Number of protein chains: 2
Amino acid sequence: MNEKVERCLEQHVHPELLAHVKLDMPDVEDLYDLAELFKVFGDSTRIRILYVLFESEMCVCDIAALLNVSQSAISHQLRVLKQARLVRNRRDGKTVYYFLADDHVRAIIGQGMDHIKE
Amino acid sequence: MNEKVERCLEQHVHPELLAHVKLDMPDVEDLYDLAELFKVFGDSTRIRILYVLFESEMCVCDIAALLNVSQSAISHQLRVLKQARLVRNRRDGKTVYYFLADDHVRAIIGQGMDHIKE
DNA sequence: CTAACATATGATCATCTGTTCATATGTTAT
DNA sequence: ATAACATATGAACAGATGATCATATGTTAG
């Protein structure tokens with residue numbers, strides 16, 4: 001592979017600090033997972049689905065109707081949300097109800113909302 | 001435009017609840033902004049930059065060296081982070097130092113980390 | 001079993017994204 | 001003014017993403 005390290009001729013931060021930063025960085029893998037998680041929040045359809053589920057569990061077809069998005073699109077997005085463990089579901093006959101997996105979802109979205117509102 | 005509303009033959013949630021959910025939804029515009037914000041967190045290079053800035057302000061070239069990413073790529077990403085008001089910068093001679101704009105960044109990333117760690 | 005409904009899934013396609021490369025801009029020292 | 005360094009920016013291209021369409025799967029009623 002090619003060498004990408006570019007180094008300032010003079011380092012602008014103390015070498016000890018650089019070392020410290022490196023040590024304090026989480027594993028690359030965790031950082032990757034973290035980015036993947038936020039990617040899931042980074043789509044307005046998915047954000048809207050999550051907001052709907054803030055209030056109540058709901059079936060696919062009601063979510064689709066409420067958000068005016070096709071059943072297929074909602075189903076695909078629910079799959080993404082489920083894989084990210086942000087929602088879970090339960091089946092009741094023909095109907096599948098989705099609900100928030102835990103309260104991190106509210107916390108994360110809440111913090112995001114604080115930021116854009118300030 | 002085409003009609004996308006698909007409605008369940010029988011509604012599975014109470015109509016009052018549906019109405020309530022609609023009322024409680026933030027403006028479409030805010031939801032869009034929120035998704036845009038999370039999109040910014042949804043890239044591992046940008047997440048890594050933010051983590052570096054957790055510890056200390058840092059110049060572009062030190063960030064690039066630390067993360068082993070080209071100066072150009074870092075600069076492009078810092079621009080994205082700045083536009084999202086997640087980082088700010090100050091110039092000192094030839095050097096431009098970037099630093100976290102506020103503590104929402106830590107809070108949001110912290111919540112995300114909690115989620116993936118559980 | 002069959003029809004009808006609810007949901008899931010695979011393929012396709014247009015659009016968006018992140019990196020690279022080349023180059024421009026800004027700053028300092030000589 | 002000029003060279004050298006630090007950063008920013010625009011074009012271009014490969015890879016990712018989200019909606020649509022067609023269809024498959026799962027479930028219940030008759």
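Computed from heavy atoms alone, side chains included, the values below leave out hydrogens, waters and symmetry copies. Sequence lines set the chain letters: A, B, ... in the order given, protein chains first and strands last, and positions in each chain run from 1. Just so you know, these numbers come straight off a predicted model, no measurement behind them.
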Exercise. Near DNA chain D, which residues from residues 27-35 of chain B have a heavy atom under 4.0 Å away?
Worked result: none
Exercise. A/D92 CG to C/dA6 P: how many Å, rounded?
Worked result: 13 Å
Problem set entry | Any donor-acceptor N/O pair, B/D27 side chain to B/E29 backbone, under 3.5 Å | no
Exercise. Rounded to the Å, how far apart are B/K39 NZ and D/dA16 P?
Worked result: 17 Å
For this session: Measure from CD1 on B/I74 to P on D/dT9 and round the result to the nearest Å.
Result: 15 Å
Exercise. Under the 3.5 angstrom rule, does the side chain of B/R46 hit a backbone N or O of B/V40 as a donor-acceptor pair?
Worked result: yes
For this session: Identify, with sequence neighbours excluded, every residue that meets side chain to side chain donor-acceptor pair (under 3.5 Å) alongside A/H76.
Result: none
Exercise. Is the backbone of A/F54 close enough, under 3.5 Å, to the side chain of A/R106 for a donor and an acceptor to pair up by distance?
Worked result: yes
Please output the side-chain donor-acceptor pairs of residues 107-115 of chain B that fall under 3.5 Å, not counting sequence neighbours, one pair per line with the distance.
residue : atom : partner : partner atom : Å
B/H115  : NE2  : A/A84   : O            : 3.1

Exercise. Just how far, in rounded Å, is P of D/dA16 from CD of A/Q77?
Worked result: 17 Å
For this session: May I ask you to test the A/L81-A/Y98 pair for a side-chain heavy-atom distance under 4.5 Å?
Result: no
Exercise. For A/F38 and C/dT17, what is the distance between atoms CZ and C1' respectively, to the nearest whole Å?
Worked result: 19 Å
Problem set entry | Integer-rounded Å distance: D/dA16 P and B/D43 CG | 13 Å
Exercise. Just wondering, do B/D24 and A/Y51 contact through their side chains at under 4.5 Å, heavy atoms?
Worked result: no
Exercise. Is there a chain of hydrophobic side chains (I, L, V, M, F, W, Y, each step under 4.5 Å between heavy atoms) that links B/M25 to B/Y32?
Worked result: no
Exercise. What distance separates B/I74 CD1 from B/I63 CD1, expressed to the nearest 0.5 Å?
Worked result: 6.5 Å
Seminar exercise, completed: Considering only heavy side-chain atoms of A/K94, the closest of D/dT27, C/dT28, D/dT17 is D/dT27
Problem set entry | Residues B/D30 and A/K117 bridged, charged N to O under 4.0 Å | yes
Exercise. In Å and rounded to the nearest 0.5 Å, what is the CG to CZ distance from B/N89 to B/R91?
Worked result: 8.5 Å
Problem set entry | B/H104 backbone acceptor or donor facing B/D102 side chain under 3.5 Å | yes
Exercise. Could you give the CZ-to-P distance, from B/F41 to C/dT17, as a whole number of Å?
Worked result: 16 Å
Seminar exercise, completed: Taking five pairs at each terminus, the helix from C/dC1-D/dG30 to C/dT30-D/dA1 shows an axis bend, to 10°, of 20°
For this session: For DNA chain C, determine which residues of residues 45-55 of chain A have any heavy atom closer than 4.0 angstrom to one of its atoms, and list them numerically.
Result: none
For this session: Using atom CD of A/Q83 as one end and atom P of D/dG18 as the other, report the distance to the nearest whole Å.
Result: 12 Å
For this session: Please answer whether the main-chain N or O of A/L67 pairs with a side-chain N or O of A/R48 as donor and acceptor at a distance below 3.5 Å.
Result: yes
Pairs under 3.5 angstrom, nitrogen or oxygen only, protein versus nucleotides 8-15 of chain C, please.
residue : atom : partner : partner atom : Å
C/dA8   : OP1  : A/Y98   : OH           : 2.6
C/dA8   : OP2  : A/S75   : OG           : 3.0
C/dA8   : N7   : A/Q71   : NE2          : 2.9
C/dA8   : N6   : A/Q71   : OE1          : 3.4
C/dT9   : OP2  : A/R79   : NE           : 3.2
C/dT9   : O4   : A/S72   : OG           : 2.7
C/dG10  : O6   : A/H76   : NE2          : 2.8

For this session: First locate atom OG of A/S44, then atom CD of B/E36, and finally report the distance between them rounded to the nearest 0.5 Å.
Result: 8.0 Å
